[in-house]
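Computation of the quantities below employed the complete heavy-atom set of this structure, encompassing side-chain atoms and omitting hydrogens, waters and symmetry-equivalent molecules. We count residues from 1, following the sequence as given.
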Amino acid sequence: MLELHCHTTHSDGTLTPQALVDHAIAAGVTVLAITDHDTVSGWDEAIAAVGDRSLEIVPGLELSTIHNGRSMHILGFYPDRQQLEPPLRDRLLERHHRAAKMIAKLAELGFAIELPPTADNTAPGRPHIAAAMVSAGYAQSIQEVFDRWLGEYKPAYVEYDSFSATEGIQLLRRCGAVPVWAHPYLFRGGPVESVLPELVNAGLMGVEVYHPSHSASQSRILEELCEQYGLLKTGGSDYHGPAPVGNGSNATTLNQLKLTDRLLIPLKRAAAELRSPAKVHPARA
């Protein structure tokens with residue numbers, strides 16, 4: 001059973017890589033991708049945690065970009081770590097600056113908080129800030145914080161910088177990673193059918209067809225679009241850990257989609273071809 005979209009405490013997940021591996025094995029997962037936001041720092045812990053157990057770790061990440069003025073996430077699978085880590089440092093620095101701006105906005109609104117100290121290679125995000133708001137007693141749940149202050153264009157929201165989806169896709173491809181559009185039907189910058197050709201022209205290679213936020217009919221549409229454009233299909237629960245108290249309605253569980261590893265073989269093949277020196281893969285944008 002396959003999970004190609006999971007987060008750890010190295011970004012906005014609530015489980016350490018070790019704990020995520022333990023939970024995944026207990027849930028019957030046999031292939032697990034570590035896709036933290038804008039960082040690859042959780043891979044080593046996850047791989048070490050597996051030991052001699054039957055779990056394959058897929059190295060990945062979820063890159064934060066902007067398209068049509070709205071947030072867009074691009075998953076990248078099997079990147080060359082040495083090539084990718086230097087440009088990721090800029091992305092992590094931007095995340096730290098963005099978190100600081102949101103905390104300052106909340107302070108101006110009368111909600112003084114501090115985030116727990118984290119390692120430099122950990123990507124801070126809105127869930128961390130929301131959790132701090134709940135801990136400080138300003139809200140009953142993380143969802144309430146998003147609904148009132150941190151959701152897009154709410155009083156304490158701060159946009160990402162101008163790192164475009166095209167730039168993100170091309171960066172991933174330069175670093176040997178297979179770029180995949182994460183949860184397309186959560187994107188708020190245009191219809192999937194009109195946005196997808198733009199991303200394909202930029203070099204997109206796959207779509208996250210199977211996601212808890214997608215209805216069965218939406219997944220079928222995405223399957224058809226993948227066939228039309230010759231794109232890979234991936235899927236995962238977008239797992240961030242057990243649901244916090246008061247936020248259960250937005251929780252996902254590991255292996256809830258019951259995806260088989262049939263999605264993994266073409267993904268591995270695409271990654272191998274992308275990194276082959278004998279094959280040229282120019283971006284088309």
Side-chain angles (χ1 to χ4, degrees), residues 3-13 16-18 20-21 24 31-51 55-66 72-98 118-125 160-182 199 202-206 208 232 234 236 264-285:
E3 275 282 0
L4 288 178
H5 192 165
C6 290
H7 300 272
T8 77
T9 50
H10 285 254
S11 62
D12 57 352
T16 65
Q18 165 80 59
L20 176 61
V21 164
V31 178
L32 175 70
I34 306 297
T35 55
D36 281 312
H37 293 283
D38 303 314
T39 183
V40 299
S41 61
W43 297 355
D44 293 338
E45 291 177 52
I47 292 168
V50 173
L55 180 68
E56 179 178 350
I57 298 296
V58 175
L61 76 160
E62 187 172 12
L63 202 60
S64 306
T65 73
I66 294 291
M72 174 179 280
H73 289 171
I74 306 294
L75 295 163
F77 297 101
Y78 297 107
D80 182 316
R81 185 173 188 164
Q82 289 187 327
Q83 284 187 288
L84 185 57
E85 281 189 315
L88 277 185
R89 282 194 282 270
D90 291 336
R91 312 312 316 143
L92 281 171
L93 184 61
E94 193 278 328
R95 271 191 166 266
H96 282 277
H97 289 165
R98 180 174 181 249
T118 58
D120 289 341
N121 59 4
T122 297
Y160 290 104
D161 69 2
S162 58
F163 186 64
S164 72
T166 293
E167 291 173 308
I169 289 168
Q170 293 177 354
L171 170 63
L172 290 171
R173 289 185 64 134
R174 286 198 305 272
C175 296
V178 178
V180 173
W181 186 8
L199 302 180
L204 188 76
M205 298 176 68
E208 188 176 44
L232 297 163
T234 75
L264 186 64
I265 295 173
L267 181 62
K268 281 186 170 180
R269 185 184 301 121
E273 291 178 356
L274 190 60
R275 295 172 67 171
S276 171
K279 197 170 184 68
V280 178
H281 294 267
R284 287 167 281 183

Inset, instruction - Look up atom OG1 in Thr166 and atom CE in Met72, then write down how far apart they are to the nearest 0.5 Å. - result: 9.0 Å

Legend entry - Atom pair CH2 (Trp181) and OG1 (Thr65), whose distance is rounded to the nearest 0.5 Å: 10.5 Å

Inset, instruction - Would you give the length of the straight line joining atom CG of Leu264 to atom CZ of Arg269, rounded to the nearest 0.5 angstrom? - result: 10.5 Å

Inset, instruction - Would you indicate whether the side-chain heavy atoms of Thr234 and Val178 approach each other to under 4.5 Å? - result: no

Legend entry - Pairing residues for Asp80 by the side-chain contact (heavy atoms from CB on, under 4.5 Å) criterion, not counting sequence neighbours: Gln82, Gln83, Arg275

Legend entry - Minimum heavy-atom distance His5-Ala33, with the two atoms named: N-CB, 4.3 Å

Inset, instruction - For Gly76 and Leu172, work out which heavy atoms get closest and say how close. - result: CA-CD1, 4.0 Å

Legend entry - Shortest non-hydrogen contact from Gly203 toward Pro179: O-CG, 3.7 Å

Legend entry - Listed partners of Arg81 passing salt bridge (Lys or Arg N to Asp or Glu O under 4.0 Å), at least two apart: Asp44, Glu85

Legend entry - Sidechain-backbone polar pair: Ser11 side chain, His37 backbone, donor-acceptor under 3.5 Å: yes

Inset, instruction - Could you tell me the separation between the CZ atom of Phe77 and the CG atom of Leu274, rounded to the nearest 0.5 Å? - result: 13.5 Å

Inset, instruction - Decide yes or no for Cys6 and Leu32: does some side-chain heavy atom of the first lie under 4.5 Å from some side-chain heavy atom of the second? - result: yes

Inset, instruction - Apply side chain to side chain contact (heavy atoms under 4.5 Å, CB included) to the pair Val58 and Leu4, showing each step before the final yes or no. - result: CA-CA 8 Å; Val58 175; Leu4 288 178; 4.3 Å; yes

Inset, instruction - Take Leu63 and Leu88, measure what side chain to side chain contact (heavy atoms under 4.5 Å, CB included) needs, and give me the verdict at the end. - result: CA-CA 9 Å; Leu63 202 60; Leu88 277 185; 3.9 Å; yes

Inset, instruction - Check the pair Asp38, Glu94 against side chain to side chain contact (heavy atoms under 4.5 Å, CB included), reporting the backbone distance first and the verdict last. - result: CA-CA 10 Å; Asp38 303 314; Glu94 193 278 328; over 6 Å; no

Inset, instruction - Kindly determine whether Ile47 and Ile34 satisfy side chain to side chain contact (heavy atoms under 4.5 Å, CB included), including the steps that lead there. - result: CA-CA 10 Å; Ile47 292 168; Ile34 306 297; over 6 Å; no

Legend entry - Point-to-point distance, once rounded to the nearest 0.5 Å, from CD of Glu56 to NZ of Lys268: 3.5 Å

Inset, instruction - Determine the minimum heavy-atom distance between Pro17 and Thr9, stating which atoms define it. - result: CD-OG1, 4.0 Å

Inset, instruction - Of all the heavy-atom pairs spanning Leu61 and Thr39, show the shortest one and how long it is. - result: CB-O, 3.8 Å

Legend entry - Ile169 vs Ser164 side-chain heavy atoms within contact, under 4.5 Å: no

Legend entry - Leu171 side chain near Phe163 side chain, heavy-atom distance below 4.5 Å: yes

Inset, instruction - Look only at the side chain of His7 and the backbone of Thr35, and say whether a donor-acceptor pair between them is shorter than 3.5 Å. - result: yes

Inset, instruction - State, to 0.1 Å, how close Met205 and Ala270 come at their nearest heavy-atom pair, and which atoms those are. - result: CE-CB, 4.0 Å

Inset, instruction - Drop me the distance from Arg89's CZ to Leu84's CG, to the nearest 0.5 angstrom. - result: 10.5 Å

Inset, instruction - Sequence neighbours left out, what passes salt bridge (Lys or Arg N to Asp or Glu O under 4.0 Å) with Arg91? Give chain and number order. - result: Asp161

